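Here's the structure, in structure tokens; my notes come after.
Everything numeric here is computed off the predicted structure, so don't read it as measured data. Numbers here are sequence positions counted from 1.
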Amino acid sequence: MTTRTATGAEVSITGLTVGYGGEPVLHGINLDMKPGEIVAVLGANGAGKSTLLRTLAGLVRPTAGTIDLFRSDITGLRTEDRARRGLALVPDGQSVVAELSVDENLRLGALWRHRGPARARAIGRVYELFEPLDRRRSSAGHQLSGGERQMLAIGRALVAEPTLLAVDEPSLGLAPRVVADLMAVLRDASARTGLTILLAEQNVTSALSIADRGVVLSLGRIVADAPAETLSNDAALRHAYLGF
């Protein structure tokens with residue numbers, strides 16, 4: 001088993017409450033993550049998974065609670081300032097610039113973080129992780145398959161060399177083989193660099209296959225937080241909250 005180096009982010013979310021139009025979506029979420037840890041956020045549609053990740057990234061403002069990154073309160077920071085602290089979000093929907101080539105998308109991802117040789121090295125590491133992208137460097141985003149677009153979305157986040165990567169539903173609409181490849185790359189990226197990953201997924205089996213821990217959300221509340229293997233083997237919990 002590969003040993004991760006502790007260079008990723010230390011995260012502490014305390015009492016996080018979020019609502020839309022006065023209607024609560026997350027209720028007092030408490031979640032800690034160690035450097036280099038992969039945590040899967042699991043739950044049905046509407047459980048609050050995407051809201052949690054969007055709030056972490058600063059796209060949604062909480063009504064209560066705090067978010068600490070490296071023991072520094074980032075709750076009030078803008079999204080771009082959180083990115084500068086090392087936080088990257090890959091939203092659902094394969095967010096790539098369709099008109100730009102693969103290489104241009106990656107260079108865009110490195111724009112504020114790297115220049116010159118450092119940018120070239122960062123992009124080169126992404127091509128090492130995602131060999132299909134390496135073969136399609138000059139292809140436009142709209143010419144890629146769904147799996148390749150998801151690879152590019154994740155690669156564009158990784159090229160900025162974050163310490164905390166939040167990934168929302170990367171398996172959505174993809175074939176099982178492509179999902180397995182994506183999960184393997186995320187696990188490899190964490191193992192190589194100590195990257196901390198918060199992975200929101202409905203594909204429970206795939207997510208738990210690479211996670212250290214799983215957190216189960218139901219109606220905006222954490223109903224389970226346990227090692228991935230424990231959750232995989234808990235049939236009663238799976239039937240109650242995860243649908244299998």
Side-chain angles (χ1 to χ4, degrees), residues 8-95 109 112-113 153-154 156-158 160 162-170 172 186 190 195-202 204 207 211-226 228 231 237 241-242:
E10 179 182 306
V11 183
S12 182
I13 298 172
T14 306
L16 195 68
T17 301
V18 181
Y20 297 109
E23 194 69 26
V25 177
L26 297 178
H27 306 264
I29 298 295
N30 296 310
L31 176 63
D32 293 330
M33 296 179 67
K34 296 180 292 186
E37 191 173 28
I38 301 178
V39 176
V41 182
L42 311 171
N45 275 334
K49 303 187 301 296
S50 294
T51 298
L52 176 59
L53 268 62
R54 288 171 58 82
T55 305
L56 182 63
L59 298 174
V60 177
R61 294 295 179 186
T63 56
T66 58
I67 302 169
D68 287 0
L69 183 63
F70 295 123
R71 302 185 184 181
S72 177
D73 188 350
I74 65 167
T75 313
L77 293 185
R78 298 175 301 175
T79 298
E80 55 267 34
D81 294 325
R82 299 182 194 213
R84 292 186 177 94
R85 298 279 185 105
L87 194 160
L89 170 68
V90 181
D92 62 353
Q94 302 168 346
S95 55
W112 65 269
R113 184 86 181 216
I154 294 171
R156 195 172 66 176
L158 290 176
T163 52
L164 171 60
L165 180 67
V167 190
D168 193 4
E169 301 283 5
L172 197 63
L186 288 173
S190 180
L195 176 67
T196 304
I197 299 176
L198 187 62
L199 172 64
E201 258 296 346
Q202 286 193 70
V204 177
D212 299 296
R213 283 165 53 213
V215 173
V216 180
L217 285 180
S218 178
L219 300 177
R221 290 182 169 86
I222 293 179
V223 295
D225 182 345
L231 290 181
L237 185 141
Y241 296 108
L242 302 175

- Query: Considering only heavy atoms from C-beta outward, does the side chain of I13 approach that of T55 to under 4.5 Å?
  - Reply: no

- Query: Taking T79 for the side chain and G58 for the main chain, is one N or O donor matched with an acceptor at less than 3.5 Å?
  - Reply: yes

- How about Y20 and V60: do any of their side-chain heavy atoms sit closer than 4.5 Å? yes

- Query: Applying the side-chain contact (heavy atoms from CB on, under 4.5 Å) test to L89, which of V167, L198, L59 qualifies?
  - Reply: L59

- Rounded distance (nearest 0.5 Å) linking atom CG of L31 with atom CG of D225: 6.5 Å

- Verdict with supporting geometry, L52 and L26, side-chain contact (heavy atoms from CB on, under 4.5 Å): CA-CA 7 Å; L52 176 59; L26 297 178; 4.1 Å; yes

- What are the two closest non-hydrogen atoms of A157 and V90, and how far apart are they? CB-CG2, 3.6 Å

- Query: Under 3.5 Å, is there a donor-acceptor pair between the side chain of D212 and the main chain of I38?
  - Reply: yes

- Query: Quick check: does any side chain N or O of T14 sit under 3.5 Å from a backbone N or O of N30, one acting as donor and the other as acceptor?
  - Reply: no

- Any donor-acceptor pair under 3.5 Å linking the side chain of K34 with the backbone of T196? no

- Task: Decide yes or no for R84 and D81: does some side-chain heavy atom of the first lie under 4.5 Å from some side-chain heavy atom of the second?
- Result: yes

- Is the CZ atom of R71 crowded by more than 12 outside heavy atoms at less than 6.0 Å? no

- Message: Is there a side-chain contact between V39 and V11 in this structure, where contact means two heavy atoms from C-beta onward sitting under 4.5 Å apart?
- Response: no

- Tell me yes or no: between the side chains of D168 and S50, is some donor less than 3.5 Å from an acceptor? yes

- Note on the structure: Heavy-atom nearest pair, A57 first then L87, reads CA-CD2, 4.0 Å

- Message: Just verifying a value: how many Å separate S218 OG and H27 NE2, rounded to the nearest 0.5 Å?
- Response: 10.0 Å

- Query: Side-chain contact, heavy-atom cut-off 4.5 Å: I29 with L217?
  - Reply: yes

- Residue pair E37 / D32: nearest heavy atoms and the distance that separates them: OE1-O, 4.3 Å

- Taking C-beta and beyond as the side chain, do E169 and E201 meet within less than 4.5 Å on heavy atoms? yes

- For R213 and M33, work out which heavy atoms get closest and say how close. NH1-CA, 4.3 Å

- Would you name the heavy atoms of L69 and A9 that are closest together and state the gap between them? CD1-CB, 3.5 Å

- Query: Just how far is it from atom OG of S72 to atom CG of L77, taken to the nearest 0.5 Å?
  - Reply: 7.0 Å

- Query: Roughly how far, to the nearest 0.5 Å, is the CD1 atom of I197 from the CG atom of L186?
  - Reply: 5.0 Å

- Message: Measuring only between side-chain heavy atoms, which start at C-beta, is R82 closer than 4.5 Å to I67?
- Response: yes

- Whether over 12 other heavy atoms sit under 6.0 Å from I74 CD1: yes

- Message: Within the structure provided, determine whether V223 and L237 are in side-chain contact (heavy-atom separation under 4.5 Å).
- Response: no

- Message: If I compare all heavy atoms of G86 with all of P162, which pair ends up nearest, and what's the gap?
- Response: O-CB, 3.2 Å

- Query: Donor-acceptor pair, T17 side chain versus T63 backbone, under 3.5 Å?
  - Reply: no

